[in-house]
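What follows is a single structure, written as C-alpha cells, with notes after it.
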Amino acid sequence: MHLRKGSSLDIGQLAVSVFSAVISSLLTANIALKRFQREKMWERRADGYTAILEALHEMKAWYEEHEAVLYRDHDMDDDQKAVLSGRYQAAKLQLSRRVGGAKWLFSKEVFERIERLLKEVQMLGIRDWYEVLEGGQCLTSQCIEDIERLARGEINQNGFSYFLNRVRNIFDKVFSKNKN
C-alpha cells in the first residue's frame with residue numbers, strides 16, 4: 001500500500017471527525033439522561049401530590065358528610081359512622097405515609113403545612129360538634145388550596161422558566177468568576 005502526500009492529512013481529519021463524533025454522542029446521551037431523570041422526578045412529584053390531595057379531599061369529605069347529616073337533623077347510624085370513620089382514618093394514614101415516606105421529594109413548606117393541618121384538626125375536638133365539623137372542613141379546604149399552590153410551583157419548576165433560570169445562574173457564575 002502506497003501512501004500519498006495528502007494521506008496524513010486524511011488520517012488527521014478522520015481522527016478529528018471520530019473524536020468529535022464520540023464527544024457529541026457522549027454529550028447527547030448525557031443530556032438525554034438528565035432530561036429523563038428530570039421527567040421521572042416530575043412524575044414522582046405529580047403522583048405524590050395527587051396522593052396527598054386525594055387524602056385531603058377524603059378527610060374533607062368526612063366533615064362534609066357529617067355536617068350534611070347534622071343539617072338534616074338526623075342521626076347517622078353506627079354502620080355509616082364506622083364507614084366514614086374508617087375512610088377518614090385511612091386518609092390520614094395515607095397522608096402521613098405519603099408525606100413521611102417522601103420527605104426528599106417535596107419542599108419543606110409541604111411538610112410544615114400538612115403538620116399544621118394535623119395539629120389544628122386535633123385541636124378541633126375541644127369544641128362542640130358543629131364547630132368541629134365547620135372548622136375541619138375549613139381547615140382542610142385551606143390546606144388543599146395551599147398544597148395545590150405549592151404543587152403548581154414545584155411541578156412547573158421544570159418548565160421553560162426553570163431552564164431560563166438555570167441559564168441565568170450559569171452566566172452569573174461565569175461572569176462573577178471573571179470579575180474577581
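Remember, predicted model here, so these are calculated numbers, not experimental data. Position 1 is the first residue of the sequence, and the numbers go up from there.
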Inset, instruction - Name all pairs fulfilling the salt bridge (charged side-chain N to carboxylate O under 4.0 Å, His left out) condition that reach into residues 14-36, sequence neighbours left out, sorted by first residue then second. - result: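 Applying salt bridge (charged side-chain N to carboxylate O under 4.0 Å, His left out) to every pair that reaches into residues 14-36, excluding sequence neighbours, yields Arg35-Glu39.
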So, using salt bridge (charged side-chain N to carboxylate O under 4.0 Å, His left out) as the criterion, who are the partners of [X] when residues are at least two apart?
X: Lys119; answer: none
X: Glu43; answer: Lys40
X: Lys108; answer: Glu112

Nearest 0.5 Å, what's the [atom1]-[atom2] distance between [X] and [Y]?
X: Leu56; Y: Glu148; atom1: CG; atom2: CD; result: 9.0 Å
X: Glu120; Y: Leu139; atom1: CD; atom2: CG; result: 5.0 Å
X: His57; Y: Glu64; atom1: NE2; atom2: CD; result: 9.5 Å
X: Ile23; Y: Leu27; atom1: CD1; atom2: CG; result: 6.5 Å
X: Leu150; Y: Ile52; atom1: CG; atom2: CD1; result: 10.0 Å

Could you list who else is in [X]'s hydrophobic cluster, with ILVMFWY side chains joined at under 4.5 Å, directly or through other members?
X: Ile31; answer: none
X: Phe36; answer: none
X: Val16; answer: none

Inset, instruction - Would you name the heavy atoms of Leu53 and Ile144 that are closest together and state the gap between them? - result: CD2-O, 3.9 Å
Legend entry - Criterion side-chain contact (heavy atoms from CB on, under 4.5 Å) on Leu118 and Leu95, from CA distance to verdict: CA-CA 10 Å; Leu118 295 175; Leu95 183 63; 4.3 Å; yes
Inset, instruction - Kindly write out the residues that satisfy side chain to side chain contact (heavy atoms under 4.5 Å, CB included) with Val18, not counting sequence neighbours, or none if the list is empty. - result: Leu14, Val22
Inset, instruction - Could I get the full list of side chain to side chain contact (heavy atoms under 4.5 Å, CB included) partners for Glu134, not counting sequence neighbours? - result: Glu67, Tyr71, Tyr130
Inset, instruction - Report whether Ile147 and Phe111 are members of the same hydrophobic cluster (ILVMFWY, side-chain heavy atoms less than 4.5 Å apart, transitive linking). - result: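 Cluster IDs for Ile147 and Phe111 match.
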Can you give the donor-acceptor pairs under 3.5 Å from side chains of residues 86-94 to other protein atoms, not counting sequence neighbours?
{"from": "Arg87", "atom 1": "NE", "to": "Glu58", "atom 2": "OE2", "distance (Å)": "2.4"}
{"from": "Arg87", "atom 1": "NH2", "to": "Glu58", "atom 2": "OE2", "distance (Å)": "2.9"}
{"from": "Arg87", "atom 1": "NH2", "to": "Glu65", "atom 2": "OE2", "distance (Å)": "3.2"}
{"from": "Tyr88", "atom 1": "OH", "to": "Tyr63", "atom 2": "OH", "distance (Å)": "3.0"}

Legend entry - Lys/Arg N to Asp/Glu carboxylate O, Glu145 vs Arg149, below 4.0 Å: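 Salt bridge absent between Glu145 and Arg149.
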Inset, instruction - Taking side chain to side chain donor-acceptor pair (under 3.5 Å) as the test, write out the residues that go with Glu109, two or more places apart. - result: Ser107
Inset, instruction - Taking side chain to side chain donor-acceptor pair (under 3.5 Å) as the test, write out the residues that go with Lys60, two or more places apart. - result: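 For Lys60 the side chain to side chain donor-acceptor pair (under 3.5 Å) partners, ignoring immediate neighbours, are Ser141.
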Inset, instruction - Report the C-alpha separation of Phe106 and Ile114 in whole Å, then their side-chain angles, then the decisive distance to 0.1 Å, and conclude whether the side-chain contact (heavy atoms from CB on, under 4.5 Å) test is met. - result: CA-CA 12 Å; Phe106 303 114; Ile114 291 173; over 6 Å; no
Inset, instruction - Please tell me if the side chains of Tyr49 and Val110 come closer than 4.5 Å, counting only heavy atoms from C-beta onward. - result: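 A side-chain contact under 4.5 Å exists here.
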